[in-house]
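The block underneath contains the structure these notes are about, expressed in structure tokens.
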2 protein chains.
Amino acid sequence: MEPNPVVKGSLTTIILKLLEDNGRMYGYEMTKAVRESTANKMSITEAALYPALHKLVEDGLLTTTSEKVDGRIRKYYALTKQGKKETQSKIQALKEALESVQLILNPKLSNG
Amino acid sequence: MEPNPVVKGSLTTIILKLLEDNGRMYGYEMTKAVRESTANKMSITEAALYPALHKLVEDGLLTTTSEKVDGRIRKYYALTKQGKKETQSKIQALKEALESVQLILNPKLSNG
DNA sequence: AACTATACCTAATTTTATTAGGTAAATACC
DNA sequence: GGTATTTACCTAATAAAATTAGGTATAGTT
């Protein structure tokens, strides 16, 4: 069974969270990390990931450093100061949004 | 504080779930139902809702019946047979997707 | 030689939601 | 009586975000 794509709109927050937890990561590493920590149930596609990463750099939330490892280039991303701040609020917002969806999916039965 | 919009991509599933729970509803009622069951933390905008409803009708998942109540027209929506089937799989898919996001947001700490 | 994994990327399209409105009747407020 | 709010439907234009469908290149495996 193929892993599902990420919940729409959550990709940016997921990237920020991964970087908060791991200090610095490169794109391909992020795709593997998500598949692994979700037991292959969810994956982030590279076609969505790279544009999202570029936008985060553009917005000043991430910085990059490139390194050549085993003949291949790795582009490491890390949170800027502003990125760390934004990470907090985005995680908070996503958690609240997910909770709200949970309330719809598992409504309190009010007529008992 | 203003309620946040729905988690992107989840609107269709939320509509189907509301109809599964309530039998039939009209659009405006759905917007109130979501605000109420999330304690005003989430709301679905009408500009997103109505096109989504029309698409669900177009796709054969919903039927409509219009009624005049207190001088105003209400357009009630209900699940078709196919709609009921799709509701199950969409709810299941959304639940799994949310679980995966939760795993990212609350990762198992593997280096203890 | 072919295939898989690593590692980056983009262009065109589609999907989905937002912004920014519009119409109209009923009700509540002053 | 006049204004504001709530109810109740809707759309058009734009923006945001992801998908589809690729491309490049190196390293390792069969």
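Just so we're on the same page: letters track the sequence lines, and every chain starts at 1.
- Each of A:Arg24, A:Met25, A:Met30 was checked for a side chain to side chain contact (heavy atoms under 4.5 Å, CB included) with A:Tyr77, and the lone residue meeting it is A:Met30.
- Rounded to whole Å, atom P of D:dC10 lies 8 Å from atom CG of B:Leu53.
- Both B:Lys32 and B:Tyr77 lie near DNA chain D, and the one whose nearest nucleotide falls closer to the 5' end is B:Lys32.
- No side-chain N or O of A:Gln92 forms a donor-acceptor pair with one of A:Gln88 less than 3.5 Å apart.
- The side chain to side chain contact (heavy atoms under 4.5 Å, CB included) test with A:Leu19 singles out one residue from A:Leu79, A:Ile14, A:Leu56, A:Leu61, and that residue is A:Leu79.
- Atom NZ in A:Lys75 sits roughly 18 Å away from atom P in D:dT26 (whole-Å rounding).
- Rounded to an integer number of Å, the gap from A:Ile44 CD1 to D:dT19 P is 11 Å.
- Between A:Thr31 and A:Thr45 there is no side-chain heavy-atom pair separated by less than 4.5 Å.
- Using five terminal pairs a side, the axes of the helix from C:dA1-D:dT30 to C:dC30-D:dG1 at its two ends make an angle of 20°, given in steps of 10 degrees.
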Check: Stepwise, does the side chain to side chain contact (heavy atoms under 4.5 Å, CB included) test hold for A:Lys90 with A:Leu94?
Finding: CA-CA 6 Å; A:Lys90 292 225 173 178; A:Leu94 181 55; over 6 Å; no
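- Atom OG1 of A:Thr13 sits about 11.5 Å away from atom NZ of A:Lys95, to the nearest 0.5 Å.
- Note: A:Glu29 CD to A:Leu18 CG = 9.0 Å, rounded to the nearest 0.5 Å.
- Taking side-chain N and O atoms only, B:Tyr28 has no distance below 4.0 Å to OP1 or OP2 of D:dC9.
- A:Tyr76 places its OH atom 14 Å from the P atom of C:dT6, with the value rounded to the nearest Å.
- Between B:His54 and the phosphate of D:dC9, there is no side-chain N or O to OP1/OP2 separation shorter than 4.0 Å.
- Between B:Tyr50 and D:dC9 there is a side-chain polar atom (N or O) within less than 4.0 angstrom of OP1 or OP2.
- Within residues 57-71 of chain A, the residues that place at least one heavy atom under 4.0 Å from DNA chain D are, in residue-number order, A:Asp70, A:Gly71.
- The line from CD1 of B:Ile44 to CG of B:Leu53 is 8.0 Å long, rounded to the nearest 0.5 Å.
- With rounding to whole Å, B:Arg35 atom CZ is found 12 Å from D:dA8 atom P.
- The distance from atom OG of A:Ser37 to atom CD1 of B:Ile104, rounded to the nearest 0.5 Å, is 3.5 Å.
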Are there any protein N/O atoms within less than 3.5 Å of an N/O atom in nucleotides 15-24 of chain C, and if so, which ones and at what distance?
residue	atom	partner	partner atom	Å
C:dA17	OP1	B:Gly9	N	3.0

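- Nucleotide D:dC10 holds its P atom 10 Å from the CD1 atom of B:Ile73, rounded to whole Å.
- Note on A:Tyr26: every side-chain N or O is 4.0 Å or more away from OP1 and OP2 of C:dC8.
- Atom NZ of A:Lys32 sits about 4.5 Å away from atom OH of A:Tyr26, to the nearest 0.5 Å.
- A distance of 13.0 Å separates CG of B:Asp59 from NE2 of B:His54, quoted to the nearest 0.5 Å.
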